[in-house]
Amino acid sequence: MANYLRRQAGRSCRAVVVSLALLSAAPAVGHAEPQITGGDRFVNSAGSGCSWAFNAIDADGNPAAITAGHCDPAAEQDDPAAAPGRTFALEPTVKLGPQTGTFEKSVLDGVRDYGIVRIADPARDSFRNNLVRTATGTIPITGVGIPVVGAPVCKYGATTGLTCGVILAVDQPDPNRPPVRFTHTALSLPGDSGGALFSGTLAIGIVSQGGYTDTPTEFPTERPDPVPAVTLPAPLDQIAKRLLAGDGRPTFEQLAPLVDAIIRAHPQFTMIAQSVADVLAENPGLRLRTG
């Protein structure tokens with residue numbers, strides 16, 4: 001399935017890659033820690049912008065958060081000796097903020113795509129919530145749902161904001177276990193990677209990848225290629241910085257119903273998500289914050 005996905009800009013829902021030179025470090029100042037919720041932006045140690053999915057507690061009882069595995073630079077390199085990737089806040093001024101965590105585990109094998117981040121001590125209070133962004137505020141996550149074909153699903157990612165659609169197909173090799181992943185029609189673009197998919201107040205999935213496929217009834221099985229880092233020329237660097245800041249979200253949210261209709265009519269355009277239920281089944285002791 002070498003030609004499974006001809007991904008938009010190399011990877012439709014993969015991380016936005018921005019030169020770290022564009023994100024000059026901003027020292028933390030003394031103020032109360034803001035809440036970091038599902039759908040919020042972070043930047044990894046390679047300069048890629050991704051989104052958080054859901055806040056969690058790991059098997060050792062430590063504050064954690066889950067996102068896409070490909071948002072961990074070490075997972076993309078496929079080098080066991082590589083140091084685990086780190087996550088950083090992104091300031092409203094589009095400057096690199098303080099470190100928020102370190103990838104504790106990342107899986108990127110062509111089927112699964114998830115990462116578990118151990119939260120840094122100074123940032124722990126920011127992640128002690130069960131919230132996910134919406135277009136007008138936040139909603140609390142109260143549990144975990146199983147993806148089912150035809151079920152409605154919404155997504156919040158830092159690039160495109162809140163978009164909604166339906167689940168088109170599920171990948172469930174073992175009928176006694178939750179589906180591993182699913183396809184859906186909620187618009188997702190670069191930088192939404194790792195973002196939250198939910199139905200009502202139930203956590204459903206993590207934004208993984210998308211694009212165009214010649215075989216819409218099949219799921220990919222090949223490990224995706226790394227996304228090369230790029231230094232953008234002016235004025236494209238300014239556009240990228242504004243996208244990182246979320247300036248395009250209102251427009252993308254308005255386009256979402258049209259995209260939903262197009263993908264339903266043309267399933268060759270795919271959006272793939274990792275199932276949260278599968279992540280929890282694969283990691284006993286890991287649990288989402290639901291209260």
Side-chain angles (χ1 to χ4, degrees), residues 33 35-40 42 44-45 50-76 78 80 82-87 99-132 138-148 153 156 170-182 193-208 273-291:
E33 292 293 328
Q35 286 190 321
I36 296 176
T37 71
D40 284 350
F42 71 88
N44 67 23
S45 44
C50 282
S51 301
W52 295 112
F54 304 99
N55 292 335
I57 300 170
D58 70 13
D60 296 324
N62 298 302
I66 59 176
T67 184
H70 71 259
C71 290
D72 179 0
E76 283 228 302
D78 196 22
R86 295 170 293 157
T87 66
Q99 181 176 343
T100 53
T102 302
F103 279 90
E104 186 175 20
K105 177 181 180 180
S106 297
V107 177
L108 181 63
D109 58 9
V111 178
R112 291 180 169 89
D113 180 10
Y114 69 86
I116 303 169
V117 175
R118 173 81 64 90
I119 303 305
D121 288 346
R124 288 187 168 200
D125 286 345
S126 295
F127 287 84
R128 295 187 197 275
N129 66 79
N130 63 329
L131 303 176
V132 169
T138 58
I139 62 168
I141 293 300
T142 60
V144 177
I146 303 297
V148 176
V153 68
Y156 197 96
V170 298
D171 181 16
Q172 189 174 15
D174 184 346
N176 297 314
R177 291 176 59 88
V180 175
R181 50 192 170 165
F182 58 93
S193 290
L197 287 111
F198 51 97
S199 186
T201 61
L202 298 180
I204 300 293
I206 304 165
V207 176
S208 177
Q274 163 74 50
S275 164
V276 173
D278 174 72
V279 175
L280 299 181
E282 287 288 298
N283 296 273
L286 177 69
R287 62 192 189 276
L288 297 194
R289 290 187 180 272
T290 56

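Across every non-hydrogen atom of D58 and L286, the tightest pair is CA-CD1, 3.9 Å. Of all non-hydrogen atoms in A74 and G85, the two that sit nearest each other are CB-N, 4.3 Å. Summarising the geometry of V180 relative to P173, their closest heavy-atom pair is CG2-CD, 4.0 Å, with the distance given to 0.1 Å. Closest of all the heavy-atom pairs between G143 and T290 is N-CG2, 3.8 Å. L202 approaches G145 most closely through the heavy-atom pair CB-N, 3.9 Å. The two residues L131 and Q35 come nearest to each other via the heavy atoms CD1-OE1, 3.5 Å.
The structure places CD1 of I146 at 6.0 Å from OG of S275, a figure rounded to the nearest 0.5 Å. Y156 contributes atom OH, which lies 9.5 Å from atom CZ of F198 (distance to the nearest 0.5 angstrom). With values rounded to the nearest 0.5 angstrom, Q274 atom CD is found 11.5 Å from H70 atom NE2. The CD1 atom of I57 lies 4.0 Å from the CZ atom of R289; values are rounded to the nearest 0.5 Å. Atom CG of D113 and atom CD1 of I206 lie 8.0 Å apart (nearest 0.5 Å). Remark: I66 CD1 to L280 CG distance equals 6.5 Å, nearest 0.5 Å.
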>> Before you tell me yes or no, could you show the steps for N55 and L288 under side chain to side chain contact (heavy atoms under 4.5 Å, CB included), namely the whole-Å CA-CA distance, both residues' side-chain angles and the distance that decides it to 0.1 Å?
In response: CA-CA 6 Å; N55 292 335; L288 297 194; over 6 Å; no

> Going through the distances and angles, do V207 and L197 end up as a side chain to side chain contact (heavy atoms under 4.5 Å, CB included)?
Replying inline: CA-CA 7 Å; V207 176; L197 287 111; 3.7 Å; yes

> Run the side chain to side chain contact (heavy atoms under 4.5 Å, CB included) check on F103 and C71 step by step: do they pass?
Replying inline: CA-CA 9 Å; F103 279 90; C71 290; 4.2 Å; yes

>> Would R112 and V279 count as a side chain to side chain contact (heavy atoms under 4.5 Å, CB included) here? Give the steps.
In response: CA-CA 9 Å; R112 291 180 169 89; V279 175; over 6 Å; no

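F182 places a side-chain heavy atom less than 4.5 Å from the side chain of I204. Annotation: side chain of V144 is not in contact with side chain of R287 (no heavy-atom distance under 4.5 Å).
No side-chain donor-acceptor contact under 3.5 Å links N44 and D72. Residues Y114 and D278 have side chains that never bring a donor and an acceptor to within less than 3.5 angstrom of each other.
At distances below 3.5 Å, not a single donor-acceptor pair connects side-chain atoms of N130 with backbone N or O atoms of P140. Panel note: side chain S51, backbone G195; no donor-acceptor pair is recorded below 3.5 Å. Using modelled atom types, no side-chain atom of S126 and backbone atom of I36 make a donor-acceptor pair closer than 3.5 Å.
A salt bridge links D60 with R118: the distance from a Lys NZ or Arg NE/NH1/NH2 to an Asp or Glu carboxylate oxygen falls below 4.0 Å.
Checking V132, T87, T37 one by one against W52, the side-chain contact (heavy atoms from CB on, under 4.5 Å) holds for a single residue, T87.
Partners of D174 by salt bridge (charged side-chain N to carboxylate O under 4.0 Å, His left out), not counting sequence neighbours: none found.
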